[in-house]
Number of protein chains: 2
Amino acid sequence: MAKRSPNTKSAAVRSRGVTMNDVANYAGVSRTTVSFVLSNRATANISDETRARIFEAVQVLGYRPNAGARALASQRSDWYGLVTEIVTAPFAVNIIKGAQDEAWRDRRFLLIASTEQGAGTPGPAGQGSKGMEDAAIEKLLEQRVEGLLYAATWHRGIDIPDIAREVPTVLINCFDSKGELPSIVPDERAGGRRATERLLAAGHTRIGIINLDPDIPAAVGRLEGCREALAEAGLELDPGLVVSGHATADGGYAAASTILDRAGWGKRSVGGSKGRPTALFCLNDRMAMGAYDAIKERGLTIPGDIAVIGFDNQELIAAYLRPKLTTVALPFEQMGALGVRTLAALTAGQPIAADQQLVDCPLLERSSV
Amino acid sequence: MAKRSPNTKSAAVRSRGVTMNDVANYAGVSRTTVSFVLSNRATANISDETRARIFEAVQVLGYRPNAGARALASQRSDWYGLVTEIVTAPFAVNIIKGAQDEAWRDRRFLLIASTEQGAGTPGPAGQGSKGMEDAAIEKLLEQRVEGLLYAATWHRGIDIPDIAREVPTVLINCFDSKGELPSIVPDERAGGRRATERLLAAGHTRIGIINLDPDIPAAVGRLEGCREALAEAGLELDPGLVVSGHATADGGYAAASTILDRAGWGKRSVGGSKGRPTALFCLNDRMAMGAYDAIKERGLTIPGDIAVIGFDNQELIAAYLRPKLTTVALPFEQMGALGVRTLAALTAGQPIAADQQLVDCPLLERSSV
DNA sequence: ACGCATTAGTAACGCGCGTAACCTAACTCA
DNA sequence: TGAGTTAGGTTACGCGCGTTACTAATGCGT
């Protein structure tokens with residue numbers, strides 16, 4: 001690469017590295033004037049003619065501002081950092097999309113760093129993957145991001161490294177175990193209620209539930225919502241119809257089999273108060289995938305004999321199952337966007353709506369109910 | 001926010017914004033010395049004692065280098081830009097992971113920008129999504145990235161915007177329609193061959209093929225590889241066993257149904273030279289998902305009656321189908337890593353291996369063959 | 001004719017850092 | 001003894017830009 005001679009006055013088109021000075025020379029004004037024009041400064045009196053000359057120079061020379069220099073001089077960066085484990089678990093990747101779009105709209109830029117352990121450098125003291133996370137955040141802070149977004153793949157409590165607290169931070173799809181940082185999470189309860197209401201509206205009164213690990217926030221919330229909806233319809237959750245399983249297709253298959261094979265149910269019984277359930281609420285789509293197999297194997301049809309409703313809207317599954325799965329969507333994109341808005345408020349010193357903001361989970365009607 | 005008074009000599013711990021100068025003052029040396037020590041400059045003679053004092057100051061004050069200032073002064077940035085549409089299509093997201101890890105190992109940082117159109121700003125002239133892509137690249141160049149990676153969700157030819165050519169650029173999972181830029185793509189042909197060889201090794205000689213849109217590079221390559229493998233076994237591709245379909249589960253279901261219901265095949269016929277195929281090579285996993293349904297509906301078992309092999313290794317599908325799907329994996333992570341290595345060579349002015357580098361697609365044995 | 005505002009700019013400084021050039025005291029060695 | 005070398009630093013400059021002073025020319029009311 002040719003070494004650039006400093007102090008070169010020739011305003012020639014040095015295709016790489018056109019600076020504001022070059023623009024100023026070309027337009028025959030001072031660099032200050034260029035700066036004023038380009039940053040659209042209202043209080044500076046610059047004639048329209050000069051302004052036009054400058055824009056032309058920018059165009060001709062192909063000037064592109066240097067973001068780093070700008071940040072250095074202005075002490076502001078217009079960048080947010082997004083740190084996440086999502087990259088390995090693509091399923092929540094829409095958080096990134098939502099955040100990017102929202103940031104973009106605000107003329108800001110998102111620096112993304114992933115926290116998972118590759119075979120990367122072990123770091124100065126050979127730390128584990130926790131050290132990797134710290135390192136990622138450190139890198140982001142070195143870029144002088146104005147705030148941090150922390151996104152998780154699944155809704156849970158998180159221990160945020162202390163360095164993240166040096167700068168405004170918002171958690172997305174997770175919450176601070178210490179309860180100090182603002183967070184954005186899905187409204188699991190409302191989602192569970194919505195799914196149940198949908199089944200009730202279709203006339204189902206005996207609803208089997210394929211539950212997740214009962215301890216995680218998603219399970220707690222969704223089940224709670226389900227119970228509420230049933231209660232409003234004057235029904236109660238029959239514990240015999242709730243089966244917990246591994247959060248996989250196999251787990252769903254096993255759980256659905258258990259429910260369907262429960263003794264004492266006639267093959268074609270319609271949901272009386274004691275019959276076989278006529279609908280299955282699977283607390284995630286993967287388990288619904290397994291449940292489909294269990295149902296089909298028994299010669300039953302969906303939704304004719306048994307309606308199925310899922311949760312998560314894992315597109316790759318829900319939209320491709322046959323019949324397509326009706327499910328409640330996790331609002332990843334909205335959470336990402338809200339995260340950015342919240343962060344923007346925070347960095348601007350404005351108050352935020354609440355410490356924990358819930359985002360609605362919409363129902364996606366497809367063909368399984 | 002309190003305005004920082006300039007020229008403050010007090011080396012007090014201003015928790016935010018500790019500079020190299022503060023470190024120098026605390027350690028009682030000049031800033032230059034600090035710089036030399038921190039950048040590990042070999043030619044500078046600094047005593048171990050001074051060195052230790054400086055490290056201690058760094059520790060105590062919590063100094064964190066300012067990446068922007070560093071880039072400004074050194075005229076190098078250690079950042080690569082990754083522009084991609086992947087964010088909406090999570091399925092290829094491992095490209096990002098592979099690239100991040102590799103960059104990290106090289107002590108470099110990846111700035112990621114997505115090109116897809118959100119409801120974001122329409123831009124100065126209200127362009128479409130092509131303008132959005134340009135804008136993303138522009139943003140990256142403003143950060144003075146040293147090189148650009150361009151990643152696609154599916155293997156195809158791409159028209160790269162001209163601004164991307166201002167800086168070394170490598171394409172991942174796609175190639176330059178104009179044939180000018182280096183690219184990294186999966187070796188579809190070898191993958192197709194490998195899948196076919198696996199089926200042949202299991203004794204299958206009549207193999208049904210569920211094809212993609214026959215024009216895309218993936219279909220062309222995979223089919224070519226299949227043909228090669230058959231030829232080596234002294235077999236020929238029976239055109240009657242190849243059905244193209246929509247690249248969805250429904251498409252796979254329809255195509256598989258067509259093949260299985262072809263007249264003249266006994267229900268249990270084993271693969272003679274004219275019998276029903278005993279194996280199905282689905283050119284992607286989504287179609288395999290549909291094929292499963294078609295097979296099961298006909299009372300046939302997998303892999304007992306019909307073996308199925310897929311392509312893509314779309315985890316969410318392949319690992320959760322029942323039985324789990326044996327498939328050929330697209331080497332996203334490796335492509336990402338190789339992309340970074342190639343870019344590193346390019347920016348260092350070193351020659352690169354080839355204009356188009358093929359990455360092997362490994363076979364993942366699960367339970368469907 | 002003079003003071004005063006307004007218009008249209010410019011000079012100069014500093015952001016945090018890398019780096020070439022320079023400096024000084026102590027140590028060698030003929 | 002004095003010239004050269006080395007160890008251990010420091011001074012000074014500039015990267016590209018935002019921003020605060022300042023200036024110089026013009027218009028305008030009295």
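To find a chain, count down the sequence lines: A is the first, B the second, and so on, and within it residues start at 1. Only heavy atoms go into these numbers, but all of them, side chains included; no hydrogens, no water, no symmetry mates.
Nucleotide C:dT10 holds its C1' atom 14 Å from the CE atom of A:M20, rounded to whole Å. Summarising the geometry, the separation between CZ on A:R144 and C1' on C:dC15 is reported as 11 Å, rounded to the nearest angstrom. The distance between atom CG of A:N45 and atom C1' of D:dG27, rounded to the nearest whole Å, is 14 Å. Between the CZ atom of A:R41 and the C1' atom of D:dT19 there is a distance of 6 Å, given to the nearest Å. When rounded to the nearest whole Å, the span between CG of B:N25 and P of D:dT10 equals 11 Å. Straight-line distance from the CZ atom of A:R70 to the P atom of D:dG18: 5 Å, rounded to whole Å. If you take CG of A:L38 and C1' of D:dC17, they are 11 Å apart, rounded to a whole angstrom. Between the CG atom of A:N66 and the P atom of D:dG14 there is a distance of 18 Å, rounded to whole Å.
The nearest heavy atom of DNA chain D to B:A44 and to B:S74 marks one nucleotide each, and the one closer to the 5' end goes with B:A44.
Look at A:S30 and you'll find a side-chain N or O under 4.0 angstrom from OP1 or OP2 of C:dT10. The phosphate of C:dG16 (OP1 or OP2) has no side-chain N or O of B:T19 nearer than 4.0 angstrom. Contact between the side-chain N/O atoms of B:S35 and the OP1/OP2 oxygens of C:dG18 is found at a separation under 4.0 Å. Proximity of B:S47 to the phosphate of D:dG9: a side-chain N or O atom is located under 4.0 Å from OP1 or OP2.
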Stepwise side chain to side chain contact (heavy atoms under 4.5 Å, CB included) test for A:E142 and B:N66:
CA-CA 5 Å; A:E142 284 183 12; B:N66 182 320; over 6 Å; no

Quick one: do B:E146 and B:R108 satisfy salt bridge (Lys or Arg N to Asp or Glu O under 4.0 Å)? Show the steps, please.
CA-CA 10 Å; B:E146 298 196 330; B:R108 291 173 169 285; 3.4 Å; yes

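At most 12 heavy atoms of other shown residues, nucleotides or ligands fall within 6.0 angstrom of atom CD in A:Q59.
Side-chain atoms of B:R31 and base atoms of C:dG18 include a donor and an acceptor less than 3.5 Å apart. In this model, a side-chain donor or acceptor of B:T32 finds a partner on the base of D:dT11 within 3.5 Å.
For B:T50, counting side-chain heavy atoms from C-beta on, the closest listed nucleotide (C:dC17, D:dG16, D:dG9) is D:dG9. Ranking C:dC17, D:dT20, C:dC15 by closeness to the A:F36 side chain, first place goes to D:dT20. For A:A73, the listed nucleotide lying nearest its side chain is D:dG16; candidates were D:dG16, C:dG16, C:dG9.
Side-chain N or O atoms of B:T84 include one that pairs as donor or acceptor with a backbone N or O of B:A151 at under 3.5 Å.
Counted by atom type alone, B:Q143 and B:S77 present zero donor-acceptor pairs between their side chains at under 3.5 Å.
Within the 4.0 angstrom heavy-atom criterion, no nucleotide atom of any strand lies near A:S39.
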